[in-house]
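Note that these values count all heavy atoms, side chains included, but never hydrogens, waters or copies made by symmetry.
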Amino acid sequence: MSAVEAAGIFHRARGRTLDAFSAEEEREWKGPFYFIQGADPQFGLMKAWSVGDCDRGGDEWGQEIRLTEQAIQAINKLNPKPKFFVLCGDLIHAMPGMPWRKEQTEDLQRVLKNVDREIPLVFVSGNHDIGNVPTAESIAEFCQTWGDDYFSFWVGGVLFLVLNSQFFYDASRCPALKQAQDQWLDEQLSIAGERKCQHAIVFQHIPLFLQSIDEEDDYFNLSKSVRQEMADKLTEAGIKAVFSGHYHRNAGGIYQDLDMVVSSAIGCQLGKDTHGLRVVVVTTEKIVHRYYSLDELSEKGIEDDLMNLMKND
């Protein structure tokens with residue numbers, strides 16, 4: 001793939017926005033639509049998990065290639081087409097500086113370039129993409145490969161915010177970069193808070209919480225103090241939903257009017273869910289979502305009740 005081709009697919013998030021959509025044209029509500037959320041293709045984890053060596057065991061990722069190909073085939077068959085396909089982090093398994101990182105990235109991009117060109121890709125950074133404790137260098141590498149690590153965009157009157165959740169987890173090695181996102185986020189939330197959008201929705205890798213705002217701290221959620229501050233800030237601005245991954249299981253809960261949605265993985269499952277994708281329908285009043293196994297979505301498509309939401313709104 002040429003550099004120009006790659007830029008047109010993988011580098012659309014630039015200058016803190018997504019060039020797939022014109023902010024001027026997309027600020028007005030135009031009626032219901034839907035998008036697809038996926039998370040954690042994480043090329044290499046299935047082998048690493050099976051051999052019990054998550055650091056260095058991910059030297060094969062054929063299963064993840066096949067699953068991601070199946071996901072793309074299912075998405076490409078959908079009619080009408082989704083407005084976009086967002087991947088909520090952990091695109092590959094190899095952490096910065098670890099073996100197989102380059103090869104996993106190349107294989108994932110080779111597979112993803114088969115997504116219908118009329119369905120823009122939106123990339124969210126995960127801990128395996130930039131490191132559990134990110135650095136300026138690891139974030140710069142992500143941006144060179146996948147586009148900006150945080151940005152906003154408008155689709156049909158809805159404001160979408162993509163966040164780098166590693167800054168909320170541990171920004172000790174890049175405090176200035178966290179501060180920059182914090183300041184930018186406050187500016188974006190002020191727009192949402194003025195209700196100049198039909199809805200406002202956040203994408204990030206690490207969930208604020210898995211089931212409840214007051215649950216105990218865990219590897220898979222943000223710490224209590226951080227999550228409470230973030231949840232209050234988001235709800236105050238009128239954010240309706242946060243979509244995340246990281247947990248490799250379906251989970252989630254409600255805090256005030258905020259729907260915290262945790263989607264299982266395209267790749268390795270750590271619970272009882274199946275490899276899958278989430279269909280998210282945005283109507284005038286609400287945001288309705290449902291998780292589909294890859295087999296279900298491939299064979300049956302989107303169910304009539306969700307499709308009817310887009311017709312009857």
Is the distance between the ring centroids of F21 and W154 less than 6.0 Å?
no
Is a side-chain donor-acceptor pair under 3.5 Å present for N164 with Y169?
no
Under the criterion side chain to side chain contact (heavy atoms under 4.5 Å, CB included), which of V282, D259, V281 is the partner of H289?
D259
Would you kindly say whether Q42 and H93 are connected by a side-chain donor-acceptor distance under 3.5 Å?
yes
Is the backbone N or O of P80 less than 3.5 Å from a side-chain atom of Y34, with the two atoms forming a donor-acceptor pair by type?
yes
Q204 vs H246, side-chain hydrogen bond (donor to acceptor under 3.5 Å, both in side chains): CA-CA, chis, key distance, verdict:
CA-CA 9 Å; Q204 61 186 55; H246 190 49; over 6 Å; no
Could you tell me whether R12 sits above the aromatic face of F153, with NZ or CZ closer than 6.0 angstrom to the six-membered ring centre and within 45 degrees of the axis?
no
Does any non-hydrogen side-chain atom of M310 lie less than 4.5 Å from one of T283?
no
Cation-pi check for F243 against R278: NZ or CZ below 6.0 Å from the six-membered ring centre and within 45 degrees of the axis, yes or no?
no
Let me check something: do I130 and M95 share a hydrophobic cluster, defined by ILVMFWY side-chain heavy atoms less than 4.5 Å apart, either directly or through other members?
no
Mind checking whether L189 and L234 have side chains closer than 4.5 Å, heavy atoms only?
yes
What about F123 and F142, are their ring centers closer than 6.0 Å?
no
Smallest heavy-atom separation, P99 atom then A94 atom, equals O-CB, 3.3 Å
Would you say the side-chain atoms of D295 and Q70 include a donor-acceptor pair closer than 3.5 Å?
yes
Do you see a donor-acceptor pair shorter than 3.5 Å between the side chains of N221 and E215?
yes
Ring centroids only, cut at 6.0 angstrom: are F160 and F151 within range, meaning strictly under it?
no
If we ignore angles and hydrogens, is there a donor and acceptor under 3.5 Å between the side chains of N76 and D116?
no
Set out, in order, the CA-CA distance, both residues' side-chain angles and the distance that settles side-chain hydrogen bond (donor to acceptor under 3.5 Å, both in side chains) for S264 and Q269, then state yes or no.
CA-CA 7 Å; S264 197; Q269 300 299 309; 2.5 Å; yes
Hey, are D129 and W146 close enough side-chain-wise for a donor-acceptor pair under 3.5 Å?
no
Just do the side-chain hydrogen bond (donor to acceptor under 3.5 Å, both in side chains) check on N127 and Y219 with the steps written out, would you?
CA-CA 11 Å; N127 56 306; Y219 172 75; 3.1 Å; yes
Applying a strict under-4.5 Å side-chain criterion to I, L, V, M, F, W and Y, I'd like to know whether M98 and L91 cluster together.
no
Can you find a side-chain donor-acceptor pair between D232 and Q228 that sits under 3.5 Å?
yes
Joint hydrophobic cluster, F203 plus Y291, side-chain heavy atoms closer than 4.5 Å
no
Within a strict 4.5 Å, meaning less than it, do heavy atoms of the L159 and H199 side chains meet?
no
